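Here is the structure we will look at.
Since the model is a prediction, treat every value here as computed from it, not as a measurement.
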Protein chains: 2
Amino acid sequence: MSEPLHERIRADFEKRILSGALAPADRLPTEQELMRHYGCSRMTVSRALSTLAAAGLIDRRKKAGTFVARPRVHSMVLDVPDLAAQIRARGQAHRFRLLHREARPPRADHADEVWVAREGQLLALDGLHLADGDPIAIEHRLIGIDAVPGVVAADLEAVSPGSWLLQHIPWTEAETRISALGCPPADARALGIAAGAPCLCVERRTWRGAEPVTQVRQLFLAHAYDLVARFGPTSSG
Amino acid sequence: MSEPLHERIRADFEKRILSGALAPADRLPTEQELMRHYGCSRMTVSRALSTLAAAGLIDRRKKAGTFVARPRVHSMVLDVPDLAAQIRARGQAHRFRLLHREARPPRADHADEVWVAREGQLLALDGLHLADGDPIAIEHRLIGIDAVPGVVAADLEAVSPGSWLLQHIPWTEAETRISALGCPPADARALGIAAGAPCLCVERRTWRGAEPVTQVRQLFLAHAYDLVARFGPTSSG
DNA sequence: CAGTGGTCTAGACCACTGA
DNA sequence: CAGTGGTCTAGACCACTGA
């Protein structure tokens, strides 16, 4: 038996809930009943059910029992592909070309700049992502120098700023906003497309603990970039 | 002490990893050392570390010990807002207008249709999402009638097809693809915009267990719809 | 107030794997 | 082969909450 018992119990109930055999609001057996059914101790049963509860598949209420949860339809796991890797996977060469680089204090009337730099300095970067020499995305990035002092000396064309940060900031929290828009004229010129052409816009703020690290706005040519998200309790089990 | 001890241990190490005090590849104390430090049993320590391992913050290797994991930069939690609720939150009225409805076998040369219906019948729906009477999105949907027999009799203007399915299919797995594109002419006419205007395109396939349920392609007017994703180990703890 | 889940203990045996 | 984590037991006390 390579599979632990708690995992078998968890998978049993996941399957019944996924298949609809157990519908939302249905009551599961009590821990006592499951102990008898699986011939194991209460800790083992409890561990299986705790995992399902953490995944949002069931709700546990004292005295009342354990119930199938209503599906949470609002959260998915989003794969954020590495742009450079995605380009290379298509057999193209990826390059990042820095268009502009400036270290300075934040402008008080720019909320993003104040958010990133607070009272310190920020690094403002504009650059192009190229696939086989053709621009496919433009990014505008702000980095807090106090949060990431090493960035000032980094060669950000050898490794793109996003990759450099990921390699040097050990863990991050981030918030991403995804939208579509017509390409503004200045970006369109840099990308070599018509102003107003459809672009996928990804805006992201990243923290290290409570400290802001970077804010970035990336515009991708339509069809150059897809975001893929998967959803389902299986992904958490 | 309202907070369980295993949760305190988990939060301690999460904090140290997030703050950078513990860097990737750093070794954590052994379970024996943590038992002494927190004055608790091995199960309690193990539970805290198992939760961190499940969240991807640490790697545990037998004989070698427990180590801070390299950040997984590729997965985020994506909030999929309910379009109707989002419109109402802006103080507008949401309505779904059915443009076309047809029950028929799949066309053999349409991969999406064969995927949804297999050998059975499918329901093909086209409709508009309206905010205060103005179109803001168009959707093209295929539903497998064998998987969801009740849908044939449903009033899909009173409740939009997406909402109806969520209420009647107890749990789902889904795969979503997000991109930007210029609006095709036929969709543009229905939306009352110029052909080629930028749109956010969301394509989703949904399963119930192993059975395909629905395939939908939605085009949103730019600025009418944002997708927001959050990322971070806190979300899983 | 009785039944349920939440937590925790002090052990045990085992599997894996690096020294 | 010794140290580490993975699993499991058979209990215990407690907190919550619906009947």
For the pair made of [atom1] in [X] and [atom2] in [N], what is the distance, rounded to whole Å?
X: A/Leu34; N: C/dT4; atom1: CG; atom2: C1'; value: 13 Å
X: A/Tyr38; N: D/dT7; atom1: OH; atom2: C1'; value: 17 Å
X: B/Glu33; N: D/dT4; atom1: CD; atom2: P; value: 7 Å
X: B/Arg10; N: C/dG6; atom1: CZ; atom2: P; value: 17 Å
X: A/Gln32; N: C/dG6; atom1: CD; atom2: C1'; value: 14 Å
X: A/Glu3; N: D/dG6; atom1: CD; atom2: C1'; value: 14 Å

How many angstroms lie between atom OG1 of B/Thr214 and atom CZ of B/Arg208, to the nearest 0.5 angstrom?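 Reported value, rounded in 0.5 Å steps: 14.0 Å.
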The complete set of salt bridge (charged side-chain N to carboxylate O under 4.0 Å, His left out) pairs with one or both residues in residues 111-120 of chain A, sequence neighbours excluded, reads A/Arg104-A/Glu113, A/Arg107-A/Glu113, A/Asp112-A/Arg205
Set of residues satisfying side-chain contact (heavy atoms from CB on, under 4.5 Å) with respect to [X], sequence neighbours excluded:
X: B/Val114; answer: B/Pro106
X: A/Asp146; answer: none
X: A/Ala11; answer: A/Glu7
X: B/Pro29; answer: B/Phe13, B/Glu33, B/Leu34

Contacts of B/Pro29 and A/His6 projected onto DNA chain D by closest heavy atom; the upstream (5') one is B/Pro29
At less than 4.0 Å, is any side-chain N or O atom of [X] found next to OP1 or OP2 of [N]? Yes or no.
X: B/Arg47; N: C/dT7; result: yes
X: B/Thr66; N: D/dG5; result: yes
X: A/Arg60; N: C/dG6; result: yes

With A/Asp12, which residues qualify under side chain to side chain donor-acceptor pair (under 3.5 Å), at least two apart?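 With sequence neighbours excluded, A/Asp12 shows a side chain to side chain donor-acceptor pair (under 3.5 Å) to A/Tyr38, given in chain and number order.
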Check side chain to side chain donor-acceptor pair (under 3.5 Å) between B/Ser50 and all other residues, then give those that pass, not counting sequence neighbours.
->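 Applying side chain to side chain donor-acceptor pair (under 3.5 Å) to B/Ser50 gives none.
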Hits for ring-ring contact (aromatic ring centres under 6.0 Å, His included) against A/Phe96, two or more places apart or cross-chain, chain-then-number order -> A/His129
Query raised in the report: Which ranges of DNA chain C pair up as stems, where a stem means three or more consecutive Watson-Crick or G-U pairs with both distances under 3.5 Å?
Result: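 For DNA chain C the paired stretches long enough to count as stems (3 pairs minimum) are C:1-18 with D:1-18.
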Nucleotide N/O of nucleotides 9-11 of chain D paired with protein N/O under 3.5 Å:
residue : atom : partner : partner atom : Å
D/dT9   : OP1  : A/Ser41 : N            : 3.3
D/dT9   : OP2  : A/Ser41 : N            : 2.7
D/dT9   : OP2  : A/Ser41 : OG           : 2.5
D/dT9   : OP2  : A/Thr44 : OG1          : 2.7

Considering only distance and modelled atom types, tabulate donor-acceptor pairs under 3.5 Å from the side chains of residues 60-67 of chain A, sequence neighbours left out.
residue : atom : partner : partner atom : Å
A/Arg60 : NH2  : A/Glu31 : OE2          : 2.6

So, do B/Thr206 and B/Val216 sit near enough that their side-chain heavy atoms are less than 4.5 Å apart?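 They are not in contact (no side-chain heavy atoms under 4.5 Å apart), so the answer is no.
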Listed pairs, N/O of protein and of nucleotides 16-19 of chain C, under 3.5 Å:
residue : atom : partner : partner atom : Å
C/dG18  : N2   : B/Lys63 : NZ           : 3.3

